[in-house]
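What follows is one structure encoded as structure tokens, with my remarks underneath.
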Amino acid sequence: MTVEEAKPTIPEDEERSVSPNFITDVIDEDLETHRHQRVATRFPPEPNGYLHIGHAKAICLNFGIAQDYRGTTNLRFDDTNPTTEDMRFVEAMKDDIRWLGFEWDNLFFASDYFDELYAMAVRLIESGEAYVDSLSEEEIRSYRGTVTEPGRESPYRNRAVAENLDLFERMRAGEFPAGAHVLRAKIDMAARNMIMRDPVLYRIVHAHHYRTGDAWHIYPLYDFAHPLSDALEGITHSLCSLEFENNREIYDWLVDRLFEDPKPHQYEFARLNLDYTVVSKRKLINLVRADQVTGWDDPRMPTLAGLRRRGVTPEAIRSFANRVGVTKANSRTDIALLEHSIRDDLNFKAPRVMAVVDPLKVVLTNLPADAPTEIEASYWPPDVPREGSRSVPFGRGLYIEQSDFAEDPPKGFRRLSPGQEVRLRYAYVIRCDEVLKDASGNVTELRCSVDPDTLGKNPEGRKVRGTIHWVSAERGVAAEFRLYDRLFRSPDPEAGGEDFTTQLNPDSLTVKRGFVEPSVATDPPETRYQFERQGYFARDSVDSRPEAPVFNRIVTLRDSWAKSSKGSAVAHETKAEPKTPKQETAHETDPAAALPPERVAVFDRYLDELGLSRSDAALIAGDEELSTFFEEALKAHDNPQGVANWIVNELLRERKGKAVSELAVEATGLAELVTLVDHGVISSRSAKDVFGVMLESGRSPREIVKEQGLEQLSDAGALTEVVESVLAAHPDQVAAYRGGKSGLLGFFVGQVMRQTQGRANPQLVRELVDESLKGDG
RNA sequence: UGGGCCAUCGUCUAAUGGUAGGACAACCGGUUUUGGUCCGGUCGGUCGGGGUUCGAAUCCCUGUGGCCCAGCCA
């Protein structure tokens, strides 16, 4: 039997488990260009807490991508800080990841690499790119400067290599107290990116490490250990959250110095934020420590352990993770999306059974002697294609939900009220004849009569408005129901600074005692149900007892009645505040205002003599390089604004962070290109393509045009043919256009441009399309 | 304040210079022995100002707003 070799394939969209996003786009390109031959990701948690729903997004992304591309994913515990980390979190995290449905290809710890990491640090010292600094922590801080001022170099920065080597080795051996020395990269104390101001690579920590014991007295920092661990493992795409964007520079700096191609690259995406909750390990730790919740697995917690105990399925979480998408924009996801994912999954998984959470006694006064004492009821509604049923005990005494009776029903109430009829699910239609009350006027019992002819069929001549659920009073099983609501009452609990606990929702847990039908009494923990008309519930894995079952409400059912009647226990009181009106202050700042004095004359000349627009004149005049290029080009083609347009709009884009001289395009080349456009030799569309080729090859535009046959097509006869064929190929769009969807004009022009490889004269095409569409309408 | 990143329906997200689309939410209706599900429909958006282009959400300039960076945390 041959094992199929795992080879990277770019998956079709419909076979992806991770919907396409900017990262998979990068991967596709890396595979296509053979920058990488395979895909390797990793999930690198620090074992200092529990995994939460935010991690789930990262897990689904990393593992999902590996799955989709037949790649690999490593689980790597980032155990570089022995003072905050704990082995018990390692096991919990492994459990949670497996529960979520993923299995790693390799299990690693950053500490596995301590020897190699140390060796690499030594190499850096030897090459003069790292040094031992003996400044104190405070001194290092003050030497670093601020975001606006450059830092100062440490007096220890130019220690001899041999001395650095010696000191570093003795740091490792434990000869120095914590804080006496650190190892730093020698980069640039004036770097605008603060992280590059000689970042600390190693610090002395005299702590027992749960894996390496007392072998080490120095530990690498994240910025050092993480990129190098990635490289060591052959990771291709290292995905992390946005706050590490600034760290990418040190990531590349290290990998470039210590590794050969193919090197790993870091890509950052926005972490998940969820309405009405906190997704930050530190804040979750606070809740646990302050006993605001019962533990990491409190069903109200957004931890995977909490979600799991609550009864949420891993499939629902994966589906949710996929729905939220992967982008670089900070966002806050509506909790309704999570709830939808949960319901969507459970609708097909959770058998329907009956439970009464808030019981109200009902006595059926005229139950016929031949009425069934057991009713066979399907676990599934007709629209769920699954089989199975159970027997539900039925009799004279029942419990119904208090909220299903109203002595004085509001408009639109489709439940029980005095004199009114309602159907008992799977059983008879009943009428409320009498309402019994206690001394203080509370309803204690209902006396109802059944219509004996309504078992399994509808009454004749009248419509019964509603159906309610029930449990046998004699044979129902007493149970506890834990109804959860959002943990915080504010959509963004972290917004108000540190005291996010003041935003805790006091009603996040409501405990109710009621009854369930006996069929569920002995089910195992974590069994999920839909308690009809109420929501999805799961048997609690910790507190439930066979004789005293406990059920956690996973999520309510959608309830359009509660919404319209505002009868909901869950008050959606904090609807998004009205948006602060956008400032429409568009104060015109003069583009010439910031010009250095010595450039003002140039600006004036561009403005007055060459007739450039103010902003273009200022832009080019203010940049000597651009200015030189501009004037050079002008010598070859005397169309100042035309050349300026190309410089400002196209050249500037390509220059980004580079010097103009690094670009393959020369001033004369650009001038020639503009000439071609001005003389109508090529379309402006083709000109951009030509410009692209120039950028890559530095060749003359005329040559490129000739070689690729890009001369503009301006022959109306020939173009009309193309136009007609395009219109004929898109009858629906033609109809829509005639129906008033004028935006389609661009679509037609675009199609013609495509068919002519961009050579058609677009103005002419536009006219022809317009004419043609008008003509035979 | 220097640097980095970001900005599309209420929310999340597509559109890679050529029809602004989907999902969630909301609203209306149909089906229904769950006020569930399902089905149909409605509502609703390119942050402001300039520019380039036949054509701009997309490219350029500028303004505004948000997030990240001054740990020997990650």
Side-chain angles (χ1 to χ4, degrees), chain A residues 20 25 46 48 78 80-81 84 137 140-141 144-149 151 178-179 182 191-195 197 200 202-205 221-223 226 242-249 268 270 275 323-325 327-334 336-337 340 343 347 352 381-384 412 414 423-426 456 458 464 466-469 530 532-534 557-562 564 575-576 582-589 591 613 615-616 619 645-646 648-650 652-653 683-685 688 733 736-737 741 743-751 753-754 761-767:
Chain A
D25 288 349
E46 184 190 13
N48 66 347
D78 205 334
T80 55
N81 189 353
T84 60
E137 199 171 339
I140 286 180
R141 200 179 358 263
R144 187 152 32 224
T146 69
V147 288
T148 51
E149 311 152 29
V182 291
R192 284 184 297 215
N193 181 355
M194 297 289 292
I195 288 174
R197 318 246 259 227
V200 175
Y202 270 91
R203 80 289 217 186
I204 296 170
V205 180
L221 276 90
Y222 170 89
D223 276 334
H226 187 253
L242 249 27
E243 68 262 34
F244 293 102
E245 275 172 328
N246 296 318
N247 304 60
R248 189 174 60 230
E249 205 175 342
E268 311 87 15
D275 267 357
R323 282 176 215 252
V324 295
T327 65
K328 290 177 80 87
N330 286 315
S331 60
R332 177 162 297 276
T333 297
D334 193 335
L337 190 63
H340 174 263
R343 292 186 188 112
N347 182 38
R352 273 59 169 178
D383 50 280
V384 175
R414 306 217 305 245
R423 171 170 293 279
L424 291 176
R425 176 115 241 232
Y426 306 118
N458 282 320
V464 177
T467 300
I468 64 175
H469 60 275
Q530 184 195 106
E532 290 206 57
R533 302 208 307 131
Q534 305 197 84
L557 257 24
R558 278 188 64 211
D559 189 347
S560 49
W561 167 246
S564 61
K575 232 23 224 183
K582 284 254 161 94
Q583 252 22 30
E584 58 351 297
T585 41
H587 24 259
E588 291 282 310
T589 47
S613 74
S615 63
D616 288 354
L619 197 55
N645 282 343
W646 275 85
V648 167
N649 293 302
E650 305 300 323
L652 228 43
R653 157 170 42 170
S683 70
S684 56
R685 167 63 189 269
K688 301 219 167 132
Q733 281 82 352
Y737 180 84
K741 194 156 178 168
L744 250 21
L745 185 57
F747 166 72
F748 295 124
V749 175
Q751 290 296 314
M753 294 306 287
R754 181 163 304 169
N761 177 331
Q763 287 104 312
L764 187 54
V765 171
R766 182 169 277 258
E767 281 167 33

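Below, read A as the first sequence line, B as the second, and so on, with proteins coming before strands; counting in each chain starts at 1.
In this structure, of rG2(B), rG36(B), rC6(B), it is rG36(B) that holds the atom nearest to the side chain of Arg558(A). Nearest to the side chain of Ala329(A), among rU33(B), rG2(B), rC6(B), sits rC6(B). Closest contact between the side chain of Val648(A) and the listed nucleotides rU13(B), rU1(B), rC60(B) involves rC60(B).
One cannot find a donor-acceptor pair under 3.5 Å joining the base of rC6(B) and the side-chain atoms of Asn330(A). Applying the 3.5 Å distance criterion, the base of rU34(B) shares no donor-acceptor pair with the side chain of Arg533(A). Taking only distance into account, the side chain of Gln534(A) never meets the base of rU34(B) through a donor-acceptor pair shorter than 3.5 Å. Applying the 3.5 Å distance criterion, the base of rG51(B) shares no donor-acceptor pair with the side chain of Asp616(A).
One C1' atom belongs to rA57(B), the other to rU46(B), and the distance between them is 5 Å to the nearest Å. Comparing the P positions of rG22(B) and rC43(B) gives an interatomic distance of 12 Å, to the nearest angstrom. Comparing the same atom, P, in rU1(B) and in rC54(B) gives a spacing of 39 Å after rounding to whole Å. Only the C1' atoms considered, rG41(B) is 15 Å distant from rU31(B), to the nearest whole Å.
Rounded to an integer number of Å, the gap from Asp383(A) CG to rU37(B) C1' is 5 Å. The CG-P distance, from Asn645(A) to rU52(B), rounds to 6 Å in whole Å. Look at CG on Asp334(A): it is 13 Å from C1' on rU13(B), rounded to the nearest Å. Between Glu268(A) atom CD and rA74(B) atom P there is a gap of 18 Å when expressed in whole angstrom units. The nearest whole Å value for the distance from the CE atom in Met194(A) to the C1' atom in rG71(B) is 11 Å. With rounding to whole Å, Leu557(A) atom CG is found 10 Å from rG35(B) atom C1'. Taking atom CG on Asn81(A) and atom C1' on rC73(B), their separation rounds to 6 Å, with Å as the unit. Nucleotide rG3(B) holds its C1' atom 14 Å from the CD atom of Glu149(A), rounded to whole Å.
Residues Phe244(A) and Asn458(A) each lie close to RNA chain B; by heavy-atom proximity, the contact nearer the 5' end of the strand is made by Asn458(A). If you find the closest nucleotide of RNA chain B to Pro20(A) and to Val182(A), the one lying nearer the 5' end belongs to Pro20(A).
A close approach under 4.0 Å does not occur between any side-chain nitrogen or oxygen of Thr146(A) and OP1 or OP2 of rG2(B). The shortest distance between the side-chain N/O atoms of Thr80(A) and the OP1/OP2 oxygens of rA74(B) is below 4.0 Å. Phosphate proximity of rC24(B) to His340(A): present, with a side-chain N or O under 4.0 Å from OP1 or OP2.
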Legend entry - Bracket string, RNA chain B, 5' to 3' - pairs by Watson-Crick or G-U geometry under 3.5 Å, | interstrand: .((((((..((((....[..)))).(((((.......)))))....(((((..]....))))))))))).....
Legend entry - Under 4.0 Å protein heavy-atom contact, by nucleotide of nucleotides 17-22 of chain B - B base, S sugar-phosphate only: BBB-S-
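Leu242(A) is linked by a side-chain contact (heavy atoms from CB on, under 4.5 Å) to Glu245(A), Glu268(A), Ala270(A), Lys328(A), Asn330(A), counting only residues two or more places apart in sequence or in another chain.
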